[in-house]
Amino acid sequence: MRRALRMTLLLLVGAGLLRVALFTDLYLRYVKQGMRPLLIASGALLVLLAAAEAVSGARRREDDGHGDDEEQEHGHGHHASGTPWAAWLLLPPALSLLLWAPPALGAYTAARQPAQPVTRASDFDPLPATSPLPLTLSDFTRRVRQDDTQAIKGRVVRLTGFVTPGGRDGDWSLNRIIISCCAADARTVKVRVRSPHTPAADTWVTVTGTWRPGGTLGTASAPVALEARSVRKVAKPVNAYTDALLPAPSG
C-alpha cells in the first residue's frame with residue numbers, strides 16, 4: 001500500500017472515531033457507554049500514527065531524494081508499483097465513519113427480534129407504595145412471570161420505551177433494546193400494550209397502566225402486557241441502549 005493512502009486511512013479512521021466518541025454521542029449507536037475512553041484513545045492513537053507516517057515520509061524524501069513509492073516503483077516495480085485494489089475498498093467505510101453515521105437501532109430491529117427471556121431474580125423486594133410505580137420493562141417482565149407473590153396485580157405502573165406498531169386489536173409493543181458490549185449483541189425486551197391509539201413507530205413514550213390479566217400471574221403463562229390508561233410522548237434518551245428508568249415526565 002502506498003504511504004499516502006496508508007496515512008490517509010489512518011487519519012480518516014482516527015478522526016472518525018474522535019468525531020463519534022469525543023465530540024458527539026453517536027458512539028452510543030454502536031457500543032456501550034463505558035467504552036468511550038477506549039474509542040477516544042484509539043482515535044487519538046490513529047491520528048498520531050498518521051502524523052508519524054507523514055513525518056517519516058518527509059524525512060525519507062529528504063534523505064534519499066525520492067519518496068518511498070518511487071523506491072518501490074524503480075527498485076521493485078513488478079511487485080509493488082501500484083496500490084492494491086483491496087486498499088481502496090477501505091476508503092468508503094473510513095469516510096462513512098467521519099461523514100455519516102448509520103441510524104440507531106429501533107422499531108425495525110425490534111419488530112424482527114423475538115422478545116428475549118429475562119433472567120430470573122431469586123428474591124423480589126417489596127414494591128414501594130408509589131403510584132404510578134416506575135418500572136423498567138425487564139422488571140415488569142420479571143414481576144409478571146416470576147414473582148409468585150403476584151405483587152404487581154392491580155398496581156398502576158409507569159413504563160418507558162419506543163413503539164413498534166402491532167396491527168391486531170389495537171395492540172402495539174413498547175420496547176427497549178439492550179446491548180452488553182456493542183450493537184451486534186443487541187437484544188430486545190417487549191411489553192404488549194393495549195390503548196385506543198397506536199403512536200408512530202420509533203416514538204418514545206411513557207405508558208401508565210395496569211397489567212392485563214391472562215394466564216397465571218407469576219408464571220410463564222402470564223402475558224407481558226399492559227392495559228394503558230395514558231400514553232405520553234417523551235424525548236429519546238441520550239443512551240437509548242439500556243433498560244434504565246428515566247425521569248418522570250414533567251407537567
Side-chain angles (χ1 to χ4, degrees), residues 32-34 105-107 109-181 185-199 203-234 236-237 239-250:
K32 63 190 304 182
Q33 192 170 19
L105 302 180
T109 302
R112 285 157 179 78
Q113 279 191 346
Q116 298 296 312
V118 176
T119 56
R120 174 173 290 278
S122 56
D123 294 302
F124 288 96
D125 295 327
L127 290 173
T130 306
S131 185
L133 174 67
L135 289 175
T136 65
L137 272 62
S138 296
D139 286 341
F140 180 75
T141 301
R142 291 189 187 98
R143 289 286 182 174
V144 168
R145 292 195 161 174
Q146 299 172 8
D147 183 7
D148 55 14
T149 68
Q150 301 187 354
I152 201 73
K153 187 174 184 179
R155 293 297 303 270
V156 179
V157 300
R158 184 174 66 232
L159 311 177
T160 300
F162 66 89
V163 175
T164 299
R168 77 170 187 273
D169 300 329
D171 286 6
W172 45 278
S173 289
L174 188 68
N175 314 272
R176 295 298 289 265
I177 292 178
I178 305 171
I179 63 173
S180 300
C181 175
D185 64 17
R187 59 188 180 90
T188 304
V189 182
K190 302 181 181 183
V191 173
R192 201 75 186 168
V193 178
R194 176 171 294 170
S195 67
H197 305 287
T198 301
T203 303
W204 278 80
V205 296
T206 291
V207 182
T208 301
T210 56
W211 172 69
R212 189 197 312 167
T216 302
L217 187 60
T219 71
S221 67
V224 184
L226 199 68
E227 196 75 40
R229 294 186 178 183
S230 68
V231 178
R232 182 170 183 172
K233 185 176 179 180
V234 297
K236 179 182 178 180
N239 189 1
Y241 291 162
T242 67
D243 192 20
L245 289 175
L246 301 182
S250 59

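Throughout, numbering of the chain's residues begins at 1 and tracks the sequence.
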Asks: Are any non-hydrogen side-chain atoms of Pro199 and Val205 less than 4.5 angstrom apart?
Replies: yes

Asks: Would you say that Thr160 contacts Trp204 through its side chain, given a criterion of any heavy-atom pair below 4.5 Å between the two side chains?
Replies: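 Result yes, sub-4.5 Å side-chain heavy-atom pair found.
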
Asks: Given the rule in the side chain to side chain contact (heavy atoms under 4.5 Å, CB included) test, do Leu133 and Leu127 qualify, once you have shown the distances and angles that lead to the verdict?
Replies: CA-CA 8 Å; Leu133 174 67; Leu127 290 173; 3.7 Å; yes

Asks: Measure the CZ-CG distance between Phe140 and Leu159 for me, rounded to the nearest 0.5 Å.
Replies: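 Taking CZ in Phe140 and CG in Leu159, the distance rounds to 6.0 Å.
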
Asks: Do Leu137 and Lys190 touch side chain to side chain, with heavy atoms closer than 4.5 Å?
Replies: no

Asks: Taking all non-hydrogen atoms of both residues, which atom of Ser138 and which atom of Ile178 are closest, and how far apart?
Replies: OG-CD1, 4.1 Å

Asks: Without swapping roles, check the side chain of Ser173 against the backbone of Asn175 for a donor-acceptor pair under 3.5 Å.
Replies: no

Asks: Under the side chain to side chain donor-acceptor pair (under 3.5 Å) test, which residues partner Thr203, sequence neighbours left out?
Replies: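 Not a single residue meets the side chain to side chain donor-acceptor pair (under 3.5 Å) criterion with Thr203.
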
Asks: Quick check: do Arg176 and Thr136 have side-chain heavy atoms less than 4.5 Å from each other?
Replies: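 No; the side chains remain at least 4.5 Å from each other.
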
Asks: Let me confirm one number: the CZ-CZ distance from Arg158 to Arg232, rounded to the nearest 0.5 Å.
Replies: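 Result: 10.0 Å between the selected atoms.
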
Asks: Given 3.5 Å as the limit, does a donor-acceptor pair link the side chain of Arg194 with the main chain of Leu226, or not?
Replies: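 No; judged by distance alone, with no hydrogens or angles, the pair does not exist.
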
Asks: List for me each residue that meets side chain to side chain donor-acceptor pair (under 3.5 Å) alongside Ser221, sequence neighbours excluded, and say none if there are none.
Replies: Thr219

Asks: Specify the closest pair of heavy atoms between Val189 and Thr141, including all atoms of both residues, with the distance to one decimal.
Replies: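 The pair with the smallest heavy-atom distance is CG1-OG1, 4.1 Å.
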
Asks: With a 3.5 Å cut-off and sequence neighbours excluded, list the donor-acceptor pairs that the side chains of residues 207-217 form with protein atoms.
Replies:
unit_1: Trp211; atom_1: NE1; unit_2: Pro223; atom_2: O; d: 2.9
unit_1: Arg212; atom_1: NH1; unit_2: Asp171; atom_2: OD2; d: 3.3

Asks: Are side-chain heavy atoms of Arg192 and Trp172 found at a separation under 4.5 Å?
Replies: no

Asks: Side chain to side chain contact (heavy atoms under 4.5 Å, CB included) with Pro196: which residues, sequence neighbours excluded?
Replies: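 Listed in chain order: nothing, the list is empty.
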
Asks: Under the rule for salt bridge (Lys or Arg N to Asp or Glu O under 4.0 Å), what residues qualify as partners of Arg143, not counting sequence neighbours?
Replies: Asp147

Asks: Determine, step by step, whether Leu174 and Phe162 satisfy the side chain to side chain contact (heavy atoms under 4.5 Å, CB included) criterion, reporting the C-alpha distance in whole Å, the side-chain angles of both residues, the deciding distance to 0.1 Å, and the verdict.
Replies: CA-CA 6 Å; Leu174 188 68; Phe162 66 89; over 6 Å; no

Asks: What's the shortest heavy-atom distance between Pro237 and Leu246, and which atoms?
Replies: CB-CD2, 4.0 Å

Asks: Could you tell me which non-hydrogen atom of Ser195 sits nearest to which non-hydrogen atom of His197, and how far apart they are?
Replies: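 Taking every non-hydrogen atom into account, OG-O, 2.7 Å.
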
